[in-house]
Protein chains: 2
Amino acid sequence: MQRSPAGRNRARRGAVTLQTVAEKAGVSTATVSRFLNDAHLVSQEVRGRVEAAIRDLGYIPHHAARTLASNRSRTIGAIVPTLDNAIFSSHITSFQKHITKAGYTLLLATFEYDLEVEFKQAQTLLERGVDALSLVGERRSDAFYALLERADVPFVNTWVWRADSRYPCCGFDHEAALKRVVDHLVELGHRTFAVVTGFADRNDRVAARLAGTRQALAAHGITLDERLLLSVEYSYASGREALRRLRALDVTPAPTAIIAGNDVIAAGILFEAKAQGIDVPGTVSVVGFGDYDISKELDPPLTTVRSPKTEIGERAAEYLLSRLAGRETPERVELEARFCPRGSTAPPPAPAPAPAKPASPPPSGARKAAPKRRPAKSRSRSAD
Amino acid sequence: MQRSPAGRNRARRGAVTLQTVAEKAGVSTATVSRFLNDAHLVSQEVRGRVEAAIRDLGYIPHHAARTLASNRSRTIGAIVPTLDNAIFSSHITSFQKHITKAGYTLLLATFEYDLEVEFKQAQTLLERGVDALSLVGERRSDAFYALLERADVPFVNTWVWRADSRYPCCGFDHEAALKRVVDHLVELGHRTFAVVTGFADRNDRVAARLAGTRQALAAHGITLDERLLLSVEYSYASGREALRRLRALDVTPAPTAIIAGNDVIAAGILFEAKAQGIDVPGTVSVVGFGDYDISKELDPPLTTVRSPKTEIGERAAEYLLSRLAGRETPERVELEARFCPRGSTAPPPAPAPAPAKPASPPPSGARKAAPKRRPAKSRSRSAD
DNA sequence: CCCATGTATGTAATCGCTTACAATCGATGA
DNA sequence: TCATCGATTGTAAGCGATTACATACATGGG
């Protein structure tokens, strides 16, 4: 089962080609090719002979040759930031299932949030002749979009949606989603927020959600204290660490609600809170993003926003397949990111008695009429 | 940015080819090709001209043509059961990182544990001319192995290792890993076990772990009550349901330890236990498999076996790359699956007073001297 | 009975690149 | 000084398919 080092051999040793099949079936290569691509162009009788020849010889079509001759690779590329994030593995699983059904194969690349790598990966995939390309996000360099234009291949920006986007997109409105979150918290009576998010500089979805958060807060006359804005990796550990850092800051008034960049961070915060004996949501409310499988199992169940991960994969596939089939299809697909209130959010605690620090006067005026308080343990008000 | 329907166009409209570059640089296509593949074969001066031409024209090599001409695709295929399982997404992420570094691209396929689909995917990838192939598991049909043989492409069975395997493998000994788990539980004093695992008929790792479990139990004179063996999907929900089913069985004596097929199932069991007020590990011990990120954060932290997911990806890549480079390399790579005792396992509760059922005599003789009891809350005895 | 039409097949020209082989040229050693 | 050699470069024959175009044979309407 050993093989010559770097396959420098010219003709593949004893390879079965169209020619072989054609000879065995007593027809021309063109006929065999027709059988392969448009069987109905071949008569019943010949069809049988060719089929038998292919089976007997164990013929496998040479994909590169087909691609070269037909200028179609039957391959679709997808570039996602990482597979270590469950939302992307769900997305890709679903994407793959759908393109496979249509006879396409997936060429996958990840870039671990390094935008230069993303660009290189795109080049590689285009070089490989993908017939279409699925991307994540929409903020990319002019050079990147120029490349896409030059390649003249259908593509779609997933996980984003804007009514006025210049490019095909398939996702949801991140700003609106966070507005919903902020409104929920403000309604509960929260006025002081911490935000523990991803890195906005390399992730435009994070940037959009952050912008949405700021806008929504502003609409309620609240300004985000920049000290309470942390950018961290997506991991339980960094969620935990974030909570420790927030506490160490000792900002007054202390935030009564933490908006986490995703459910993994939020879960980390929950774990750390439990370890430190901090009551969630009694003392502090926590909101996540994404609605991961684990989220409704957490203690307390996590209030979050359900991101339509599977649906994004499906609809992106659908869009690209339509384009490839020459069908008319909407350029922008908006999906729903439903808010899922659960047990990790509740009204803030009653204003604490003036903190131990003698110097700081208790802030008062800022706090408007808080809505009627509910018992802190009012959990799982979620639809699920 | 629209494109002709099904790219039936012969020559790609106005495509930049080697020819174009060659003309612009005033050299032959052979020279440009050499520049691309073995730059040192080209003189400094010409190298500069070619480089400039490529840059100016935005030339992208046509991969299919290269593959056809050189009989090397610089693509490596990987087939995994699913990406929805974090161990495989970690595996693939790591695998991809390493092959990318060596200039290869990943062609990925999943089969969702449907072995027929797996076979088809293998055919597709080989048809696409992958230079090498990474698989999961080792139990496959003769036809499958015949296909691999015929394709004459290096491949490796990952997630499995046996000293006497006929094929290259990169993984660990599942039987031994479960033996370690069983020994741990028996040492703690457990005698009655439940097993909630995946589906052994379509997953040879599950089968091997189950075999290991049975053997280890037998070595301690214990037989697994088949009613306490459940096969379920890998999800929190099925873990929860499994615990409910186990309780509904009302087998006597009730199992004091549950061996779960992976950490997701184990976590589900933990969640359900908490919901039902069952003390873990006080009333029942739970062991998982895989050491997922979440596992040490659970309450109690989950005793489990760490599977070397990242390392498997890395070493599998290493093996295949070595083969492709013509380097000698060991055919079987054994990795460590370390046992991680944590808080979810403890000695069983003191033998309950004879169960409410009047008819059943309390089993006695079976129970040998249980080791000294530790307080049920003795948690986090873990190394980490 | 003839020709237009349709169906089934064959012929052969690509597709864009790699690479064996040949050619050129200055430098080197006998 | 001449054959040899190494370093560069060019020429052109494929790689294994697809597909435009040509051909061959029935069929049927006029």
Side-chain angles (χ1 to χ4, degrees), chain A residues 4 6-23 25-50 53-54 57 59-75 126-129 131, chain B residues 4 6-50 53-54 57 59-74 126-129 131:
Chain A
S4 63
R8 245 168 250 241
N9 39 335
R10 207 67 220 263
R12 303 175 307 166
R13 42 130 248 188
V16 176
T17 72
L18 252 205
Q19 186 74 49
T20 328
V21 175
E23 279 162 15
V27 297
S28 72
T29 60
T31 299
V32 180
S33 175
R34 285 189 196 103
F35 170 83
L36 255 24
N37 297 296
D38 269 310
H40 74 268
L41 290 178
V42 177
S43 69
Q44 283 292 344
E45 185 221 331
V46 173
R47 220 181 287 184
R49 297 213 311 272
V50 173
I54 289 180
L57 293 168
Y59 168 71
I60 295 184
H62 191 294
H63 180 254
R66 301 182 82 164
T67 300
L68 179 58
S70 69
N71 197 30
R72 273 166 302 149
S73 72
R74 297 165 182 86
T75 299
L126 291 173
E127 176 177 331
R128 308 263 155 171
D131 291 341
Chain B
S4 63
R8 259 274 152 208
N9 39 334
R10 209 64 220 266
R12 301 177 308 167
R13 35 129 259 183
V16 176
T17 72
L18 251 205
Q19 185 73 50
T20 328
V21 175
E23 278 163 14
K24 171 136 186 168
V27 296
S28 73
T29 60
T31 299
V32 181
S33 174
R34 286 191 195 99
F35 170 84
L36 255 23
N37 297 298
D38 270 309
H40 75 266
L41 289 179
V42 177
S43 68
Q44 284 291 345
E45 185 222 331
V46 173
R47 221 180 286 185
R49 296 213 311 273
V50 173
I54 288 179
L57 293 167
Y59 168 71
I60 296 184
H62 191 294
H63 179 255
R66 298 182 85 161
T67 300
L68 180 57
S70 69
N71 197 29
R72 274 167 300 148
S73 72
R74 296 166 183 87
L126 291 172
E127 177 176 331
R128 308 263 156 171
D131 291 342

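Note: hydrogens, waters and symmetry copies are ignored here, and every other heavy atom, side chains too, is used. What you see is a predicted model, and the numbers here were worked out from it, not measured in a lab. Order of the sequence lines sets the chain letters (A, B, ...), proteins ahead of strands, with each chain counted from 1.
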Whether [X] contacts [N] is assessed here as follows: a side-chain N or O lying under 4.0 Å from the phosphate OP1 or OP2. Is that the case?
{"X": "T29(B)", "N": "dT18(C)", "answer": "no"}
{"X": "N37(A)", "N": "dT18(D)", "answer": "yes"}
{"X": "S28(B)", "N": "dG10(D)", "answer": "yes"}

**Nearest-nucleotide comparison on DNA chain D, the residue closer to the 5′ end among R34(A) and Q19(A)** = Q19(A)
[X] near the nucleic acid: base, sugar-phosphate alone, or nothing, with a heavy-atom cut-off under 4.0 Å?
{"X": "V32(B)", "result": "nothing"}
{"X": "S43(A)", "result": "sugar-phosphate"}
{"X": "T31(A)", "result": "sugar-phosphate"}

Shortest side-chain distance from [X], nucleotide among [options]:
{"X": "R66(A)", "options": "dC17(C), dA17(D), dT19(D)", "result": "dA17(D)"}
{"X": "H62(B)", "options": "dT18(D), dG16(D), dG16(C)", "result": "dG16(C)"}
{"X": "A30(A)", "options": "dG10(D), dT19(C), dG10(C)", "result": "dG10(C)"}
{"X": "A65(B)", "options": "dG10(C), dG10(D), dG16(C)", "result": "dG16(C)"}

**Prompt:** Judged by modelled atom types alone, do T75(A) and R128(A) share a side-chain donor-acceptor pair under 3.5 Å?
**Reply:** no
**Request:** For side-chain contact (heavy atoms from CB on, under 4.5 Å), just list the numbers for L36(A) and I54(A), CA-CA rounded to whole Å, side-chain angles, deciding distance to a tenth of an Å, and then say yes or no.
**Result:** CA-CA 10 Å; L36(A) 255 24; I54(A) 289 180; 3.6 Å; yes
Once you round it to whole Å, what is the distance between [atom2] of [N] and [atom1] of [X]?
{"X": "D38(B)", "N": "dT9(D)", "atom1": "CG", "atom2": "P", "value": "14 Å"}
{"X": "L57(B)", "N": "dG16(C)", "atom1": "CG", "atom2": "P", "value": "15 Å"}
{"X": "E127(B)", "N": "dA17(D)", "atom1": "CD", "atom2": "C1'", "value": "12 Å"}
{"X": "Y59(B)", "N": "dG16(C)", "atom1": "OH", "atom2": "P", "value": "10 Å"}
{"X": "E23(B)", "N": "dC17(C)", "atom1": "CD", "atom2": "P", "value": "12 Å"}

**Prompt:** Can a salt bridge be assigned to the pair R74(B) and E127(A) using a cut-off of 4.0 Å between side-chain N and carboxylate O?
**Reply:** no
**Prompt:** Yes or no on side-chain contact (heavy atoms from CB on, under 4.5 Å) for V21(B) and F35(B), after CA distance, side-chain angles and deciding distance?
**Reply:** CA-CA 11 Å; V21(B) 175; F35(B) 170 84; over 6 Å; no
